[in-house]
J.: 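Here it is: the structure, laid out below.
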Amino acid sequence: MNKVVSGADEAIRDIEDGMTLMLGGFGLCGIPENCIAALVRKGVKNLTCISNNAGVDDFGIGLMLKTRQVKKMISSYVGENAEFERQLLSGELEVELIPQGTLATRCLAAAYGMPAVFVRAGVGTEVAEGKEVRNFDGVDYLLEHAFNAPFSIVKAWKADTHGNLVFRKTTRNFNQPMAMAGKIVIAEVEELVPAGALDPDQIHVPGIYVHRVFKGENYEKRIEQRTVRAKS
Amino acid sequence: MNKVVSGADEAIRDIEDGMTLMLGGFGLCGIPENCIAALVRKGVKNLTCISNNAGVDDFGIGLMLKTRQVKKMISSYVGENAEFERQLLSGELEVELIPQGTLATRCLAAAYGMPAVFVRAGVGTEVAEGKEVRNFDGVDYLLEHAFNAPFSIVKAWKADTHGNLVFRKTTRNFNQPMAMAGKIVIAEVEELVPAGALDPDQIHVPGIYVHRVFKGENYEKRIEQRTVRAKS
Amino acid sequence: MLDKTGIAKRIAQEVRDGYYVNLGIGIPTLVANYIPQGMNVVLQSENGMLGMGPFPFEGEEDPDLINAGKQTITEIPGTVYFDSAMSFGMIRAGKVDLTILGAMEVSENGDIANWKIPGKMVKGMGGAMDLVAAAKNIIVAMQHVNKAGESKLLPACTLPLTGVRCVKKIVTELAVLDVVPGVGFVLLERAPGISVEQIKNATLGKLIIEGEIPEMKIN
Amino acid sequence: MLDKTGIAKRIAQEVRDGYYVNLGIGIPTLVANYIPQGMNVVLQSENGMLGMGPFPFEGEEDPDLINAGKQTITEIPGTVYFDSAMSFGMIRAGKVDLTILGAMEVSENGDIANWKIPGKMVKGMGGAMDLVAAAKNIIVAMQHVNKAGESKLLPACTLPLTGVRCVKKIVTELAVLDVVPGVGFVLLERAPGISVEQIKNATLGKLIIEGEIPEMKIN
């Protein structure tokens with residue numbers, strides 16, 4: 001059950017032009033920095049990226065926007081990015097905006113083999129346009145479909161060689177459901193340990209969901225909003 | 001956020017005749033022994049119990065069957081229990097059998113605010129009778145509804161005073177989804193610690209789902225099938 | 001008239017012991033500062049955290065620990081981390097007792113618009129649509145009128161909606177109002193020094209004024 | 001003719017390196033004993049475990065650690081525990097490569113009946129309906145005929161179904177057969193000492209025999 005690959009380039013070797021990728025992270029927190037760099041190196045184009053955010057101008061998915069590798073973003077919030085705005089207004093980039101909980105739940109649906117789920121978010125808004133509405137016990141819900149992406153790329157804190165993953169603090173975010181949702185799941189981690197080194201009660205994503213893991217390098221972990229308080 | 005109550009009797013104080021309860025555990029593994037004993041003491045009757053199994057003659061939910069407190073079992077597997085069989089054949093007890101994964105997923109649906117889910121289990125079988133069938137991408141699914149129970153009773157390994165829960169090994173089973181599914185969730189635990197004593201990355205059920213916790217006593221933890229191998 | 005701090009202080013009075021609360025970006029974030037000492041309240045951050053603590057001391061920022069506004073924060077005793085699917089699961093299941101968020105417009109039946117201005121840049125709804133669709137109790141913190149001096153309390157929203165019939169209460173620099181679908185904006189309290197007439201003039205939607213309207217009490 | 005061990009040994013030949021496998025109660029459980037050394041296979045137990053180890057040594061039983069058959073077991077390096085919702089989530093999402101289970105009847109289009117005999121005691125389907133509805137590859141381990149000498153490989157099941165068109169392969173004491181919906185039971189191998197004629201006589205559903213049928217190779 002050895003899921004270990006040599007690094008980001010090997011991990012993304014079969015990602016091709018026009019594919020749909022799920023990318024974990026929330027803002028710049030817990031993003032797969034090494035794989036994004038490798039995708040930029042490889043130069044694959046016309047990608048559809050399912051990711052809660054689109055990075056900033058010079059970090060995260062922003063790096064792939066700069067090189068015009070992204071055809072479409074499926075996200076809940078895409079502020080903080082001037083290049084993004086430029087491409088969107090010029091029509092170079094398509095954007096599909098989805099409520100954040102719906103985005104997460106469509107990952108969960110894929111992870112748990114549910115073809116579609118009913119959610120209340122967006123009922124009565126433009127998000128509901130063209131979608132089936134169904135009433136349960138007096139409340140309207142939208143039918144939302146599971147994502148069906150060939151690849152998920154996530155960042156975890158630790159993995160063992162079987163691909164069992166553990167996340168740290170708020171980096172779990174979309175990384176956990178996406179790590180269970182893609183047909184092929186790639187996880188880059190800060191620490192790679194032998195099978196048996198992780199507490200079996202404390203694994204966030206079982207290795208059965210994960211296909212390739214590698215120890216990432218040179219994590220920058222950029223902070224988007226550095227807020228502090230004075231020492232009193 | 002103190003969720004601590006004095007013990008099982010206080011925890012179940014407002015469970016009344018005719019109510020529906022979710023009870024965690026798989027077989028006799030991870031069952032809420034203290035609360036079951038308290039329910040027997042209290043003598044509430046005509047209960048509907050949602051539980052994967054029905055215990056054995058003299059342990060687990062079997063104790064409540066013996067005292068005829070259960071009107072209906074909603075379970076996936078109810079073997080191992082002669083008194084159960086007698087009551088079922090004599091018409092004293094109703095049983096609704098549900099595929100195990102559907103049972104778990106109807107708990108998850110309640111936990112995650114989904115009114116209903118689509119599952120494949122049971123398509124083309126008597127389980128599908130009277131249920132809506134829907135085809136997604138060429139595959140038929142049954143529409144199954146979220147459970148809506150006023151109480152969940154679960155057994156965890158550890159809790160903090162905020163009701164954050166941690167389970168041990170295969171006791172997680174139905175305890176985890178049920179601990180997020182009931183309107184009022186009662187958790188009995190082996191170890192109760194102050195808030196802050198559990199690793200925040202390693203909590204299986206966040207306390208927001210849990211209403212009452214107490215440290216249980218005298219756990220018997222009976223083994224249903226003691227299988228061993230010889231030391232070589 | 002209240003300043004932002006005043007609005008936050010007034011909203012803090014709506015928080016009850018034992019509440020799990022989700023605070024939006026802006027004025028709502030300030031509410032955390034005015035929750036009475038000794039009251040047990042846990043803050044939920046929809047990026048995957050219960051028990052949000054204050055900003056870190058300088059030099060102690062952890063890039064792996066942010067809130068939904070992407071600000072560096074800290075944990076406190078009892079903090080739990082979880083993934084986004086569980087986070088919105090608990091929101092949808094109604095486990096969050098109170099959601100406080102900003103708005104561009106609120107209608108007299110409780111519709112809210114706060115995510116998009118057509119023709120201008122669209123940043124996305126983030127978790128707002130999920131929160132307003134699910135929370136049992138939604139309080140809007142906003143200015144009574146926009147920068148052009150137009151009322152933000154309207155018969156019907158003009159901007160794209162975030163959610164329908166969901167806002168329960170509004171706190172502005174001028175007033176506290178309940179929102180009752182089919183009835184309108186029910187005036188509950190005036191800000192210090194503000195007259196009922198001033199509130200009337202700033203409210204385009206149907207305003208219900210019954211009896212004497214007391215002035216807010218704020219420390 | 002194969003004994004139970006023989007059936008388990010033959011099924012073990014179907015296991016491939018890197019497979020995640022769910023083993024039902026009875027003969028399927030025995031399969032674990034015959035997976036070749038050095039082959040990386042992880043056993044899933046649907047009560048919430050990946051990486052099921054062997055039975056514990058006497059005195060080392062842990063009541064908190066059982067398999068889906070409620071037997072005491074052990075963990076191994078790489079074991080993971082999870083809850084029942086995730087367990088069936090991964091099953092439904094097709095992450096389990098191979099499911100091996102027993103059956104009372106299999107039909108020539110792959111329907112399976114293994115959970116209920118009307119009029120006799122009903123124990124429930126447990127996780128069987130979920131497993132057969134979801135697994136990509138389902139192998140049935142069973143006797144070719146029942147105790148009354150009647151074939152269990154039928155044109156159509158007579159007992160209440162567990163799942164439809166799902167069984168891919170059957171291994172009995174007499175034969176290995178593929179199940180091809182619309183075609184029938186395709187005979188692949190004979191058990192040692194068993195003739196095609198004997199298999200024909202024990203099979204009520206449509207049996208496809210093409211060319212020479214080899215004898216199984218079992219160590």
Side-chain angles (χ1 to χ4, degrees), chain B residues 26-30 52-54 75-80 85 88-89 95 97-105 107-109 111 119-127 140 157 167-178 180 204 219-232, chain D residues 25 29 45-49 52 54-75 79 81-92 111-113 115-116 118 121-134 160-166:
Chain B
F26 181 94
L28 303 180
C29 181
N52 189 56
N53 311 91
S75 303
S76 89
Y77 190 82
V78 291
E80 351 283 9
E85 187 171 347
L88 180 61
L89 295 175
V95 177
L97 291 169
I98 294 179
Q100 194 173 132
T102 300
L103 189 72
T105 308
C107 297
L108 184 76
V119 300
R120 271 172 288 177
V123 169
T125 77
E126 62 182 55
V127 164
D140 283 338
W157 181 32
F167 301 94
R168 184 171 178 273
K169 301 189 188 284
T170 56
T171 67
R172 211 183 307 176
N173 56 56
F174 282 86
N175 282 304
Q176 180 171 331
M178 286 182 176
M180 306 193 291
H204 297 127
Y219 283 105
E220 178 180 339
K221 292 196 183 182
R222 194 182 295 185
I223 289 174
E224 210 162 333
Q225 304 280 344
R226 188 177 301 272
T227 45
V228 296
R229 69 190 141 137
K231 278 190 179 152
S232 55
Chain D
I25 297 166
T29 305
S45 191
E46 69 266 25
N47 58 318
M49 183 182 196
M52 184 164 53
F55 294 150
F57 294 120
E58 187 145 9
E60 294 178 6
E61 310 91 321
D62 182 343
D64 290 344
L65 178 44
I66 65 170
N67 64 17
K70 283 123 187 171
Q71 299 170 313
T72 46
I73 49 164
T74 56
E75 63 187 39
T79 289
Y81 300 107
F82 37 82
D83 71 283
S84 297
M86 182 182 277
S87 182
F88 285 95
M90 68 181 63
I91 288 168
R92 269 198 306 260
D111 296 354
I112 177 173
W115 75 284
K116 185 178 182 179
M121 184 56 199
V122 178
K123 290 180 187 295
M125 68 290 282
M129 282 194 182
D130 310 273
L131 282 159
V132 301
L161 294 180
T162 307
V164 294
R165 294 170 82 91
C166 52

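These figures come from a predicted structure and were not determined experimentally. Lettering follows sequence order; numbering is per chain, from 1.
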J.: Using 0.5 Å steps for rounding, measure from the CD atom of B/Gln100 to the CG atom of D/Leu131.
T.: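 Reported value, rounded in 0.5 Å steps: 8.5 Å.
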
J.: Check each atom of D/Glu75 against the heavy atoms of chain B and say whether the ones under 4.5 Å are side chain, backbone, both or neither.
T.: side chain

J.: Between D/Asp62, D/Asp64, D/Val164, D/Thr79, which has the largest tally of heavy atom pairs under 4.5 Å with chain B?
T.: D/Asp64

J.: Measure from the side-chain N and O atoms of B/Arg120 to the backbone N and O of D/Arg92, and report whether any donor-acceptor pair falls under 3.5 Å.
T.: yes

J.: For D/Met49, is it the side chain, the backbone, both, or neither that has a heavy atom closer than 4.5 Å to a heavy atom of chain B?
T.: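 Only the side chain of D/Met49 comes within 4.5 Å of chain B.
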
J.: Determine, step by step, whether B/Tyr77 and D/Lys70 satisfy the side chain to side chain contact (heavy atoms under 4.5 Å, CB included) criterion, reporting the C-alpha distance in whole Å, the side-chain angles of both residues, the deciding distance to 0.1 Å, and the verdict.
T.: CA-CA 12 Å; B/Tyr77 190 82; D/Lys70 283 123 187 171; 3.6 Å; yes

J.: Taking side chain as everything from C-beta outward and backbone as N, CA, C, O, which of these in B/Ala54 sits under 4.5 Å from a heavy atom of chain D? Side chain, backbone, both or neither.
T.: neither

J.: Go through B/Glu224 and D/Ile66 one step at a time and tell me if the side chain to side chain contact (heavy atoms under 4.5 Å, CB included) criterion holds.
T.: CA-CA 9 Å; B/Glu224 210 162 333; D/Ile66 65 170; 5.9 Å; no

J.: Kindly compute the distance separating CZ (B/Arg229) from OG1 (D/Thr72), expressed to the nearest 0.5 Å.
T.: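 It is 10.5 Å, given to the nearest 0.5 Å.
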
J.: Using non-hydrogen atoms and a 4.5 Å limit, figure out which bit of B/Asn53 sits close to chain D: side chain, backbone, both or neither.
T.: side chain

J.: Taking every heavy-atom pair that is under 4.5 Å apart, which of D/Gly48, D/Gly126, D/Gly127 has the most such pairs with chain B?
T.: D/Gly126

J.: What distance do B/Gln176 atom CD and D/Phe82 atom CZ have between them, rounded to the nearest 0.5 Å?
T.: 11.0 Å

J.: Would you mind telling me which of D/Ser45, D/Ala68, D/Gly59 has the largest number of heavy-atom pairs within less than 4.5 Å of chain B?
T.: D/Ala68

J.: With chain D as the partner, which of B/Val228, B/Val95, B/Asn175, B/Thr227 has the greatest number of non-hydrogen pairs under 4.5 Å?
T.: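 Among the listed options, the one with the most contacts to chain D is B/Thr227.
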
J.: How many angstroms lie between NZ in D/Lys116 and CD in B/Glu126, if you round to the nearest 0.5 Å?
T.: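 So the NZ of D/Lys116 and the CD of B/Glu126 are separated by 3.5 Å.
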
J.: Side chain, backbone, both or neither: which part of B/Ile98 has a non-hydrogen atom closer than 4.5 Å to chain D?
T.: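 Backbone only.
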
J.: Could you check if a side-chain atom of B/Leu97 sits within less than 4.5 angstrom of a side-chain atom of D/Trp115, using non-hydrogen atoms only?
T.: yes

J.: Taking atom OG of D/Ser87 and atom CZ of B/Phe26, what is their separation to the nearest 0.5 Å?
T.: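 One gets 9.0 Å once the value is rounded to the nearest 0.5 Å.
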
J.: Mind ranking D/Leu161, D/Asp111, D/Val132 by heavy-atom pairs under 4.5 Å with chain B and telling me who comes out on top?
T.: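 Ranked by heavy-atom pairs under 4.5 Å with chain B, first place is D/Leu161.
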
J.: With chain D, which of B/Ala121, B/Ala104, B/Ala111, B/Ser76 has the greatest number of heavy-atom pairs at distances under 4.5 Å?
T.: B/Ser76

J.: What are the two closest non-hydrogen atoms of B/Thr170 and D/Leu65, and how far apart are they?
T.: OG1-CA, 3.3 Å

J.: Working to the nearest 0.5 angstrom, can you tell me the gap between B/Thr105 OG1 and D/Asp130 CG?
T.: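 So the OG1 of B/Thr105 and the CG of D/Asp130 are separated by 7.5 Å.
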
J.: So B/Thr102 and D/Met129, do their side chains get closer than 4.5 Å, heavy atoms only?
T.: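 A side-chain contact is absent here, since even the closest heavy-atom pair is not under 4.5 Å.
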
J.: Report the option among D/Gly124, D/Pro56, D/Pro54 that has the most heavy-atom pairs separated by less than 4.5 Å from atoms of chain B.
T.: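 Most heavy-atom pairs under 4.5 Å with chain B: D/Pro56.
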
J.: Heavy-atom pairs under 4.5 Å with chain B - which of D/Ala113, D/Ser84, D/Ala134 has more of them than the others?
T.: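 Among the listed options, the one with the most contacts to chain B is D/Ser84.
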
J.: Looking at B/Phe174, B/Trp157, B/Phe167, which has the largest count of heavy-atom pairs under 4.5 Å with chain D?
T.: B/Phe174

J.: If you take all heavy atoms of D/Asp83 and B/Asn173, which pair is closest and at what distance?
T.: CB-O, 3.4 Å

